[in-house]
Amino acid sequence: MQQPKFQPVAEMTYNQAVNELDSILRTMQSDACDIDLLTVYTRRATELLDECRRRLTTTDKELQSILANLQQQ
């Protein structure tokens, strides 16, 4: 069994992370998924989800700040 090599999440764009997450989910749902790699894929999916959530939260806060500043002008 060969472990997949993953790019560090911090080096990925948001879209790359979402695309990889989609790919992992398709792999996990397929009949060809190696049962021995389910834990590896689950950990990676969790890592990608956490990073995407963090980026979305950061972006939301920045947008709220910008909009609040525009309303004060």
Side-chain angles (χ1 to χ4, degrees):
M1 164 183 64
Q2 185 171 347
Q3 295 262 344
K5 298 218 188 291
F6 298 117
Q7 178 181 1
V9 175
E11 295 175 6
M12 300 175 80
T13 66
Y14 177 82
N15 286 337
Q16 287 173 320
V18 169
N19 288 335
E20 183 178 327
L21 182 57
D22 183 54
S23 175
I24 287 171
L25 291 175
R26 277 188 270 114
T27 299
M28 290 174 72
Q29 292 171 344
S30 78
D31 293 336
C33 183
D34 184 339
I35 195 75
D36 294 322
L37 292 176
L38 275 177
T39 302
V40 172
Y41 288 132
T42 301
R43 280 192 203 114
R44 179 60 175 186
T46 301
E47 182 182 17
L48 291 164
L49 281 170
D50 288 346
E51 181 64 17
C52 288
R53 192 175 293 125
R54 184 192 67 75
R55 290 183 191 188
L56 286 171
T57 300
T58 299
T59 300
D60 182 54
K61 288 178 183 178
E62 289 174 4
L63 290 173
Q64 287 179 20
S65 176
I66 290 167
L67 292 174
N69 287 337
L70 287 174
Q71 290 176 349
Q72 292 176 357
Q73 294 178 358

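Residue indices begin at 1 and follow the sequence shown. Just so it is clear, the structure is predicted and the values come from calculations on it, not from any experiment.
For the pair Q16 and E11, the minimum side-chain heavy-atom distance is 4.5 Å or more.
Within 6.0 Å of CG in L63 there are more than 12 heavy atoms belonging to other residues, nucleotides or ligands.
Pairing each heavy atom of F6 with each of V40, the nearest pair is CE1-CG1, 3.8 Å. Listed here is the closest heavy atom pair of C33 and T27: CB-O, 3.1 Å.
Rounding to the nearest 0.5 Å places SG of C52 at 9.0 Å from CG of N15. Here the straight-line distance linking atom CG of N19 with atom CD1 of I24 works out to 11.0 Å at 0.5 Å rounding. For the atom pair CG of L67 and CD of Q64, the computed distance is 8.0 Å after rounding to the nearest 0.5 Å.
When atom types are taken as modelled, the side chain of T57 and the backbone of R53 share a donor-acceptor pair closer than 3.5 angstrom.
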Side chain to side chain contact (heavy atoms under 4.5 Å, CB included) between M28 and T42, worked out:
CA-CA 9 Å; M28 290 174 72; T42 301; 3.4 Å; yes
Worked check of salt bridge (Lys or Arg N to Asp or Glu O under 4.0 Å) between R26 and D22: CA-CA 6 Å; R26 277 188 270 114; D22 183 54; 2.8 Å; yes
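Between R55 and E51 there is a salt bridge, since at least one side-chain N of the basic residue sits less than 4.0 Å from a carboxylate O of the acidic one.
A continuous path of ILVMFWY side-chain contacts below 4.5 Å connects L25 to L48, so both sit in one hydrophobic cluster.
Side-chain N/O atoms of Q73 and N69 include no donor and acceptor closer than 3.5 Å.
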